[in-house]
Amino acid sequence: MIAVREGWELDVMRSSGRKLAEVVERVREAVAIDITTKDIDQLTEAAILAVGAKPAFKGYKPGKVPFPASICISINEQVVHGVPGKRRIRAGDLVSLDFGLVYGGYYADTAFTMLVPPGDPADQALLDATREAMFIGIAEARPGKRIGDIGFAVEGYVTPRGYGVVTDMVGHGIGRRLHEEPSVPNYGKKNTGPNIVPGMVIAIEPMITRGRGKIKTLGDGWTVATEDNSRSAHFEHTVAITPRGPEILTTLDPAVRSPVSPPIR
Ligand code: MG
C-alpha cells in the first residue's frame, strides 16, 4: 500500500524535513581532515536531539544486526551503510553521509557526498553527476508521471557519462516508517510502475559509481561497497508530491524547495 498523506501530515513532514536540513548544515561543517567517523556520528546525534527529534537510523534493524549509529558514513569505494568508528577522514576522501530523523511520528531522510580537498577531479565529476541525477529524478516526481520515469531519467543521465548505477539499492516511500512502499529504483522504463499522485512522499537517492555498479556487503554486516572497488557517490532528498510538482522537504534553500515547473533548482 502506497500512503497518500493528508495536509496536516505533510505539514508535520515539512517540519521533519526542515529539522533534518538544519542538521545537514552542522554535519557538513564538521567533515574535515583527521576527524573520526565516530566523532561525526556523535555530533550528528547531538544535532538531531538539539532540534527536538530522534535519530532514525540508530537501532534500525531490518535484518539481524541493528544499526549502531545515527549516521551512515561511507568512504571512497563504500556506497552506503558505512558504520562510524575509528577511521579518520583523509585528504582526497570521497565521503557519503546518509542520515535521518523522526519528529512528530514522521520520518525524513537525506544524503550527500563531499570530496575532501585536494580531490581527484574525476571524483568531483562523479559527485556532480550524482547530484545532478538526483535533481533530474526529482523533476520527474510530479502528478501524471510514474515511478519508472524517475529511474529512467536518472539512468539516462549517468549511463552515457560512463558511470554505473547501483541497482541493488533503491529509494523508497517514507512517512510513518523510514522505508515504505513504493520502491524507487534508479533505473527503469518510462511509463511503468506506480502512478505518482499528490500526497505521496518518497526518498529519491541515486547511488552512482565510477565502475559497474555491482555491490557487496562487508564483514560488519552493514557496509556496502562496490565489487570492483570503484568510487561511489550518493545524494538523497525526501520529496513530497504536490499538485504543482515535487516539493523537496530536506532543504533550507527556498529556491531548491519550491514546487515550480522545471527547472526546479
Ligand atoms: Mg533513504
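First listed ligand is number 1; within each ligand, the first listed atom is number 1. The shown structure was predicted, so the numbers you read here are calculated from the model rather than taken from an experiment.
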Qualifying salt bridge (charged side-chain N to carboxylate O under 4.0 Å, His left out) pairs, either residue in residues 149-176, two or more places apart: none
Phe67 atom CZ, over 12 foreign heavy atoms within 6.0 Å: yes
Heavy atoms of other groups near Arg212 CZ, more than 12 under 6.0 Å: no
Cluster companions of Leu49 among Ile, Leu, Val, Met, Phe, Trp, Tyr (side-chain spacing under 4.5 Å): none
Neighbouring protein N, O or S atoms of the Mg ion (ligand 1) [cut-off: under 2.8 Å, no waters]: Asp109 OD2, His172 NE2, Glu205 OE2, Glu236 OE2
Partners passing ring pair (Phe, Tyr, Trp, His ring centres under 6.0 Å) against His179 (at least two apart in sequence or in another chain): Tyr60, His172
Asp128/Gln124 under side-chain hydrogen bond (donor to acceptor under 3.5 Å, both in side chains): CA gap, chis, key distance, verdict: CA-CA 6 Å; Asp128 292 341; Gln124 185 64 49; 3.0 Å; yes
